[in-house]
Structures are given as C-alpha cells and as structure tokens.
Amino acid sequence: MSKRLFGVLSLVTACATSQPKPSAPLCDRQGAPACGNIGQTGVAYDPKSAVVIRPEMRASTQTAQPAIERTLLAPQPRAQTLLAAHTRPPGPPPDAIPPRQALLAPHTKPLLAPRASGDAQLTMGRPLASAGEEPMCGNAMSKGGTHRCP
Amino acid sequence: MRQRDVQGWHAQVSVAEAQLELAWMGGATERRLRHARPDFDDLPWGSFDATQIDPADPDLIESRQVWTNGVFTEYASAAAFSAMNIAFLECQAPIDLCAAAADFAVDELVHVTLVSRLVMTLGGATPYLVDLAKIAPVRSDLPPRLRAAELAIKISCVGEALSLPALSRSHRGAKHPLARAVLARLRHDEGPHASIGHWFLTWAGPWLTRGDRDHLGMVATEAIALYSQLWRDGDVGYRDYMETAVEERIIRRLARAGISCEAR
C-alpha cells in the first residue's frame with residue numbers, strides 16, 4: 001500500500017524506517033506549537049531537552065477512563081511534550097506606545113460608537129469585575145459595576 | 001472614519017481604559033459569519049426611530065446605558081468561551097465538547113453584533129470605560145483539568161445560568177418589538193451556554209477529588225456573591241426572582257454534580 005493513498009507525501013525519505021521514532025510538535029521560540037495542517041511531521045524528539053511531565057498526565061494514565069468517554073483517537077504511548085516557558089516578547093518602550101484609539105482602520109466601519117456629543121453629563125460606566133479585575137461575563141441586564149469590586 | 005498612523009496601529013498595546021468602541025470589516029469575514037449564522041440579524045431594525053425621542057429622555061438614556069453594558073458582557077462572554085475552549089483543549093476534553101465551547105464564542109459575537117446595532121439604533125454607546133487587554137479570564141496556575149473546571153463553573157454554571165432568567169425577565173417587560181426580538185435571540189442561545197459547564201463536569205467528574213470539589217464550590221460561591229451586587233439592593237421583586245434563580249439554576253444543579261456552594 002502506498003501512503004500516498006492517504007495523501008502522505010514523502011517529505012524526508014530518510015525517516016522511512018521500520019520503527020517510527022518518537023516526535024514532538026514543531027514549536028516557535030516561545031514554545032507555542034506551530035499549528036495549521038501543512039504537512040509538518042514534527043521534529044525529532046530529543047531526550048536531552050528539558051521535559052516536564054505534568055502530574056495530571058501521569059495520573060490519567062494510571063486511572064481508568066470514565067465509561068462515558070469514547071475514544072476518538074486510538075491511544076498510543078504518550079509522547080512526552082516538550083514544555084518550554086511561555087514568555088511574552090519584550091514590548092516597545094512605554095514612550096513609544098501610542099495612546100489607545102478606536103479600531104477604525106481604513107477598511108472597517110464602526111459597529112459600536114459613542115454619540116458625537118450630548119453625553120458629557122452621564123455617569124461613566126464600567127464593567128462588573130472581580131477583585132482580580134476579571135470581567136464578569138453573562139448578560140444580567142444591568143448598567144455594570146465598579147471597576148474594582150470587593 | 002478616522003485615519004490611523006499605520007506604525008502606531010501595529011504597535012497598539014492597550015495600557016489603560018478607553019471608551020468601548022467596536023468595528024466591523026464586512027466582505028469575506030461578514031459572509032463567513034452569515035454563512036455560519038444565517039439570518040442572525042433579520043430583526044425589525046426599522047421599527048424604532050430614535051430621532052422621534054428627546055435625547056435627554058431618562059428612559060432612553062437608561063436603555064442606552066444598560067445595553068451598552070450588555071455589549072461589553074457579550075464581548076466578555078465571547079472571550080470567556082474562547083478561553084474555555086483553550087482550557088478544554090489543554091486538558092484533552094472530548095473534541096465535540098471543545099467544539100461546543102468554540103461555537104459558543106461565535107454565538108456571543110453574534111450577540112455583540114446585535115446588541116451593538118441596538119445601541120446604535122437607540123442613539124449610540126454611553127460613556128463606558130474598559131481595558132480590553134484584560135478581557136480574558138485570568139489564567140491560574142492550577143492543573144489543566146481543574147483550571148478548565150473553574151472556567152466551566154464561573155462562565156457557564158454561574159454566569160450564563162443567571163443570564164437566562166435576567167434576559168427572560170427583560171423580555172417579558174420589553175414593549176418594543178425590536179428590543180423583544182433582540183432579547184429573544186439572546187435568550188435562545190443561553191440554555192446550552194448554561195449547560196456546557198455541566199457537560200464538562202460530567203466528563204471530568206471521575207477525576208475530581210474531594211478537595212477539587214471544595215475548591216470549585218468556593219469558586220461558585222464567590223461568583224454568585226459578585227453577581228448578587230446587581231440585585232441585592234434593588235427592586236424587591238427582582239431580587240427575590242434572581243435569588244430563586246440562584247437557588248434553582250446554580251446551587252441545586254451544582255449539588256447534583258457533587259459541588260456545594262451557597263449564596264452569601
């Protein structure tokens with residue numbers, strides 16, 4: 001049978017061995033996986049790289065799956081995922097950051113905008129948020145809350 | 001439409017609150033959304049003419065304020081379901097469950113669109129400051145499955161569970177056909193949005209320890225306390241109505257999942 005039947009192109013013939021080697025996701029510098037199905041076969045797994053096995057991964061291989069779960073993808077011995085620290089790239093210096101403006105690029109039109117005038121006397125609204133400044137979603141039909149809640 | 005400095009636009013980083021404003025691109029992206037949600041905005045938009053009402057009318061202003069906040073809560077819900085989808089993927093939740101969370105984010109963006117159009121029909125957004133850089137739920141350091149359960153509790157089991165009675169109450173009280181049509185559309189989607197949290201708990205249940213359930217109960221209790229500010233000091237009838245909703249739609253339903261919480 002030819003693997004071309006399944007649309008698998010022979011990208012690297014040297015990898016065609018009888019024993020497939022473990023692979024790891026292709027990732028960027030920050031460790032984010034390169035998504036998109038463009039034929040990447042991953043990168044060779046390097047056991048000398050830093051590997052973190054998350055506790056719940058270990059536990060889930062030891063406990064039985066609940067009956068409700070049906071297998072969508074046949075389980076293989078779990079390849080250890082290279083886990084790199086996710087670091088935000090350094091941003092521009094503060095004085096180079098322009099003041100935030102409305103998202104009105106030339107190829108867009110306003111979906112929501114304030115009135116041009118006449119609202120100066122209105123109380124400023126803000127979202128209802130937790131002490132950690134996490135906005136509380138869900139439409140409870142109110143005018144919102146204070147920005148920082150006890 | 002304001003012209004933007006291209007370099008400034010690409011380097012845009014939200015560092016402070018700003019007036020809530022939203023944009024629409026049209027073209028291919030609009031066609032895609034209309035294909036996914038046919039006729040989503042087929043509502044009686046021409047039935048309301050704000051120019052016939054005094055802009056200083058208190059009822060009109062209050063309507064604009066409530067619906068402007070409504071735009072934000074729908075927007076936050078879109079971000080929340082997006083975060084939930086990622087959390088589900090990170091803990092290897094069933095694929096169809098992940099798909100539902102992603103699809104609900106699209107539902108919420110449709111709601112953002114409808115409510116934004118309603119606000120503009122009423123006369124425009126009222127002054128409303130937000131920092132959209134903080135729109136997504138805060139990412140905790142918990143293990144992936146417990147982190148996903150936290151989001152399921154806060155977003156779905158509590159937040160969306162309260163949306164349905166709030167929207168239903170508003171729908172019963174709304175007199176204008178346009179407002180009723182928008183509310184009916186929002187309400188139509190909230191049932192499944194309030195259920196996905198319980199779907200996740202059904203799948204994750206066998207892995208949750210007693211300590212996990214105690215933690216999730218505390219998360220639910222805190223979320224209830226935060227929302228209760230919206231009715232605690234207001235109309236007695238509405239307060240009783242929402243407190244009943246909390247008991248029936250949140251506390252009892254979570255108890256069936258082995259999670260104890262309370263309304264403080």
Side-chain angles (χ1 to χ4, degrees), chain A residues 54-57 59-60 63-70 72-73 91-92 94 96-116 118-120 122-147 149, chain B residues 1-2 4 8-9 11-16 18-25 55 61 65-66 68-74 76-77 80 94-95 113 116 119-120 123-130 134-135 137-138 143-145 155 159-160 162-163 166-167 170 186 202-203 206 226-227 229-230:
Chain A
R54 295 174 295 191
E56 70 283 356
M57 286 173 59
S60 65
T63 58
Q65 300 284 338
I68 196 171
E69 181 183 1
R70 295 191 294 274
L72 181 64
L73 183 68
I97 300 173
R100 183 164 182 265
Q101 300 175 25
L103 297 172
L104 292 178
H107 51 278
T108 65
K109 56 187 177 183
L111 176 65
L112 180 77
R115 286 183 65 192
D119 281 349
L122 297 184
T123 305
M124 183 65 69
R126 280 191 169 89
L128 179 68
S130 68
E133 298 189 31
E134 193 170 85
M136 303 305 287
C137 52
N139 196 340
M141 297 304 290
S142 75
K143 296 181 192 177
T146 56
H147 182 63
C149 299
Chain B
M1 191 180 301
R2 284 179 275 173
R4 295 186 56 88
W9 188 60
Q12 179 181 7
V13 175
S14 175
V15 294
Q19 169 65 32
L20 178 62
E21 294 183 75
L22 300 174
W24 187 260
M25 186 174 278
I61 291 174
Q65 289 173 320
V66 170
T68 297
N69 180 66
V71 174
F72 176 78
T73 60
E74 302 291 350
S77 295
I95 293 301
T113 306
S116 293
V119 169
M120 297 305 287
T126 51
Y128 194 91
L129 294 182
V130 294
K134 297 178 181 176
I135 192 67
V138 175
R145 190 175 292 119
I155 298 167
E160 294 295 323
L162 290 175
S163 293
L167 291 170
S170 293
L186 303 185
T202 297
W203 170 74
L226 193 57
Y227 283 109
Q229 298 175 68
L230 299 176

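Numbers restart at 1 for each chain; the letters A, B, ... are given by sequence-line order, proteins then strands.
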Visitor: Return the minimal non-hydrogen interatomic distance between A/P135 and B/K134, and the atom names on each side.
Guide: CD-O, 3.4 Å
Visitor: Report yes if some heavy atom in the side chain of B/V66 is under 4.5 Å from a heavy atom in the side chain of A/K143; otherwise report no.
Guide: yes
Visitor: What are the two closest heavy atoms between B/L230 and A/G144, and how far apart are they?
Guide: CD2-O, 3.6 Å
Visitor: Provide the closest heavy-atom pair for A/P127 versus B/V130 in the form atom of the first, atom of the second, distance.
Guide: CG-CG1, 3.6 Å
Visitor: Measure B/I135 against the heavy atoms of chain A and call it side chain, backbone, both or neither at under 4.5 Å.
Guide: both
Visitor: Taking every heavy-atom pair that is under 4.5 Å apart, which of B/G70, B/A76, B/P127 has the most such pairs with chain A?
Guide: B/P127
Visitor: Looking at B/P55, B/G124, B/G123, B/A125, which makes the most heavy-atom pairs under 4.5 Å with chain A?
Guide: B/A125
Visitor: Between chain A and each of B/A166, B/G159, B/S116, count heavy-atom pairs under 4.5 Å; write down the option with the most.
Guide: B/S116
Visitor: Out of curiosity, B/Y128 OH to A/R126 CZ, how far, rounded to the nearest 0.5 Å?
Guide: 10.0 Å
Visitor: Given heavy-atom pairs under 4.5 angstrom as the criterion, report whether the side chain, backbone, both or neither of B/S77 touches chain A.
Guide: both
Visitor: What part of B/M25 is in contact with chain A, defined as an atom under 4.5 angstrom from a non-hydrogen atom: side chain, backbone, both or neither?
Guide: both
Visitor: Return the set of residues passing side-chain contact (heavy atoms from CB on, under 4.5 Å) with B/A80 (not counting sequence neighbours), or none when no residue passes.
Guide: A/C137, B/P137, B/I155
Visitor: Taking all atoms of both residues into account, what is the closest heavy-atom pair of B/M120 and A/L111, and its distance?
Guide: CG-O, 3.4 Å
Visitor: Roughly how far, to the nearest 0.5 Å, is the CG atom of A/L112 from the CG atom of B/L20?
Guide: 5.0 Å
Visitor: Got a sec, which residues hit side-chain contact (heavy atoms from CB on, under 4.5 Å) with B/T126, two or more places apart in sequence or on another chain?
Guide: A/L122, B/R64, B/Q65, B/T68
Visitor: Please classify the contact between B/V138 and chain A as side chain, backbone, both or neither, with a heavy-atom cut-off of under 4.5 Å.
Guide: both
Visitor: Count the heavy-atom pairs under 4.5 Å between each of A/A120, A/A116, A/P114, A/G118 and chain B, then report the option with the highest count.
Guide: A/P114
